[in-house]
Amino acid sequence: MPELPEIETVRRSLAPAIVGRRVVAVRVQERRLRGGVAASFATALAGRRIAEVTRRGKYLLAPLDDGRLWLVHLGMTGQLTLAPRDRPARRHDHIVVELDDGFVITYNDPRRFGRMAVIAPSRLVAETGEGVDPLDDAFSPAALFALTRARRTPIKALLMDQRRVAGVGNIYANEILFRAGVRPGRRAARLARDDCQRIVAASRAVLMEAIRRGGSSISDYRDGLGREGWFQLDHCVYDRAGRPCPTCRTPIRTRVVVGRSTFYCPRCQK
DNA sequence: CGCACCCCCTGCCGGC
DNA sequence: TGCCGGCAGGGGGTGC
């Protein structure tokens, strides 16, 4: 579910309220998240002050006052929300982090595909990968062009490969390629510099606009304060098979690319 | 290297 | 109405 814009929206919604707060208690009610929640997790987090809230690709990171990093990945259905301590418990509340101001951060995740850990900063790249963030200046047309060379994989798969580009998932890969006018199935190596330039520009435009709209709420995404996003109303192609292309009215087509549902305009995208 | 095919899970939707 | 298969924004592993 949550891709870069959703994670960034969660980060922005939580940061002002939790930076500087101290964790007074941690309750782990379900350890069976991805990779398992380590036995040491609660003790590593309890008593620590939250120094900052940052993001790396689809990972949320909270540097702590002892130099370690609280790392959260929301998987498909994870929600990390801040609420007063008396908030009623819900099904699938797995981790509850009490703060020193009477608020709690709750991690809820029906499918349990998310990840929750406290790690040493030296482990960051090993945990999150080294893909370039598409909002970073390092994601330049030249850098993308270099990534595409000698790659037979479809450009959409490359954009979604977190080891290369960090933060783009299925919704935004579809939207970015529509905006760039590039077919999702095009082999990466067959892209020209000009295509890469348009994909880089489209990535920035789509992701920043999605952040401005608070992310896409398809079914269960909410930000750190429980608010929905609205970018789903601006989707041009994702989940819009058969509906008219916003540019030329040609019906949007769907097919599977590397195992993922893919949507594109057969006329606008080459 | 690329990809099909497994796995991890719950929830929802459409067809019968 | 209920059951069943398919599918869903995530990632990881295996084997060809």
Side-chain angles (χ1 to χ4, degrees), chain A residues 1-10 29-37 55-60 71-80 90-95 107-117 119 125-131 134 147-178 184-190 206-207 210-211 213-223 228-242 254-263:
Chain A
M1 157 229 317
E3 308 179 29
L4 187 154
E6 289 74 38
I7 306 305
E8 179 62 20
T9 301
V10 172
Q29 293 162 174
E30 174 59 81
R31 295 199 179 274
R32 293 175 299 168
L33 307 185
R34 179 161 61 86
V37 179
R55 178 186 60 76
R56 184 176 166 91
K58 297 177 191 171
Y59 286 87
L60 269 174
L71 174 150
V72 182
H73 193 288
L74 303 183
M76 291 276 263
T77 53
Q79 284 181 26
L80 196 66
R90 302 158 301 175
R91 187 164 157 77
H92 305 304
D93 280 350
H94 303 317
I95 313 271
Y107 181 71
N108 182 288
D109 186 358
R111 292 177 76 178
R112 309 202 313 263
F113 286 173
R115 174 153 170 70
M116 176 79 52
I119 63 166
V125 170
E127 288 281 351
T128 65
E130 51 192 337
L147 280 178
T148 61
R149 292 309 88 182
R151 304 296 311 284
R152 289 192 50 76
T153 201
I155 180 57
K156 176 165 178 273
L158 187 146
L159 286 178
M160 293 175 65
D161 182 346
Q162 305 299 300
R163 294 166 302 178
R164 298 184 166 83
V165 180
V168 177
N170 202 30
I171 292 177
Y172 294 101
N174 280 295
E175 295 298 317
I176 287 166
L177 290 171
F178 171 76
R186 282 264 299 277
R187 304 283 144 182
R190 304 202 55 169
V206 167
L207 296 172
I211 292 167
R213 296 278 267 149
S216 302
S217 286
I218 300 298
S219 62
D220 46 21
Y221 163 72
R222 297 291 183 277
D223 77 2
E228 288 179 64
W230 300 101
F231 191 67
Q232 67 279 7
L233 303 178
D234 296 338
H235 290 175
C236 294
V237 291
Y238 179 79
D239 206 17
R240 295 180 59 83
T254 183
R255 72 187 188 98
V256 173
V257 174
V258 195
R260 307 301 295 273
S261 296
T262 299
F263 305 88

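Every chain is numbered from 1, with letters handed out A, B, ... down the list of sequences.
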Ignoring backbone atoms, test whether [X] places a side-chain nitrogen or oxygen under 4.0 Å from the OP1 or OP2 oxygen of [N].
X        : N      : value
A/Lys58  : C/dG9  : no
A/Arg34  : C/dG13 : no
A/Arg260 : C/dA8  : no
A/His92  : B/dC9  : no
A/Thr77  : C/dA8  : no

| Just wondering, do A/Phe113 and B/dC8 stack (centres under 5.5 Å, planes under 30°)? |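 A stacking contact exists, since A/Phe113 sits close and nearly parallel to the base ring of B/dC8.
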
Distance, rounded to the nearest Å, where [X] contributes [atom1] and [N] contributes [atom2]:
X        : N      : atom1 : atom2 : result
A/Arg32  : C/dG11 : CZ    : C1'   : 19 Å
A/Gln232 : C/dA8  : CD    : P     : 18 Å
A/Arg149 : B/dC1  : CZ    : P     : 16 Å
A/Glu228 : C/dG9  : CD    : P     : 19 Å
A/Met160 : C/dG10 : CE    : C1'   : 9 Å
A/Leu60  : C/dG10 : CG    : P     : 15 Å
A/Gln79  : B/dT10 : CD    : P     : 17 Å
A/His94  : B/dT10 : NE2   : C1'   : 10 Å

| query | 5'-most contact on DNA chain C: A/Arg111 or A/Gln162, nearest heavy atom basis? | reply |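 The residue whose closest nucleotide sits nearer the 5' end is A/Arg111.
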
| message | Regarding A/Pro154, tell me which of base, sugar-phosphate or nothing describes its non-hydrogen contacts under 4.0 Å with the strands shown. | response |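 A/Pro154: backbone/sugar contact only, no base atoms under 4.0 Å.
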
| Looking for any heavy atom pair under 4.0 Å, which part of the strands does A/Arg115 touch: base, sugar-phosphate only, or nothing? |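 Nothing, no heavy atom under 4.0 Å.
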
| task | Please step through side chain to side chain donor-acceptor pair (under 3.5 Å) for the pair A/Gln162 and A/Tyr59, ending with a clear verdict. | result | CA-CA 11 Å; A/Gln162 305 299 300; A/Tyr59 286 87; over 6 Å; no

[atom1] atoms of [N] and [M], separation to the nearest Å:
N     : M     : atom1 : value
C/dG9 : B/dG2 : P     : 22 Å
C/dC3 : B/dC9 : P     : 23 Å
B/dC6 : C/dG5 : P     : 15 Å

Write down the partner of [N] under the Watson-Crick or G-U wobble criteria, each distance required to be under 3.5 Å.
N     : result
C/dT1 : none
B/dC9 : none
B/dC3 : C/dG15

Looking at [options], which one has an atom nearest to any side-chain atom of [X]?
X        : options               : result
A/Val258 : B/dC9, B/dC3, C/dG12  : B/dC3
A/His73  : C/dG10, B/dC3, B/dG11 : C/dG10
A/Arg152 : C/dG9, B/dG2, B/dC3   : B/dG2
A/Asp220 : B/dT10, B/dC3, C/dG9  : C/dG9
A/Tyr238 : B/dG2, B/dT10, C/dA8  : C/dA8

| So do the side chains of A/Leu4 and A/Arg55 get within less than 4.5 Å of each other, counting heavy atoms only? |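 Yes. Closest side-chain heavy atoms under 4.5 Å.
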
| message | Taking donor-acceptor contacts at under 3.5 Å, does the side chain of A/Arg112 reach the base of B/dC9? | response |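 Under the 3.5 Å cut-off, the side chain and the base do not form any donor-acceptor pair.
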
| Heavy-atom donor-acceptor pair, A/His94 side chain to A/Arg112 backbone, under 3.5 Å |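 Side chain of A/His94 to backbone of A/Arg112, a donor-acceptor pair under 3.5 Å: no, none is there.
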
| said: I'd like to know if the side chain of A/Asn108 and the backbone of A/Gln79 have a donor-acceptor N/O pair within less than 3.5 Å. | reply: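 Not a single qualifying donor-acceptor pair exists.
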
| query | CZ/A/Phe231 to OH/A/Tyr172 distance, rounded to the nearest 0.5 angstrom? | reply |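 OH of A/Tyr172 is found 6.0 Å from CZ of A/Phe231.
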
| query | Closest approach of A/Pro5 and A/Ile211, non-hydrogen atoms and distance? | reply |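 Heavy-atom minimum between the residues: CA-CG1, 3.7 Å.
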
| said: Take a 6.0 Å sphere around CZ of A/Arg31 and say whether it holds more than 12 heavy atoms from other residues, nucleotides or ligands. | reply: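 More than 12 heavy atoms, drawn from other residues, nucleotides or ligands, come within 6.0 Å of this atom.
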
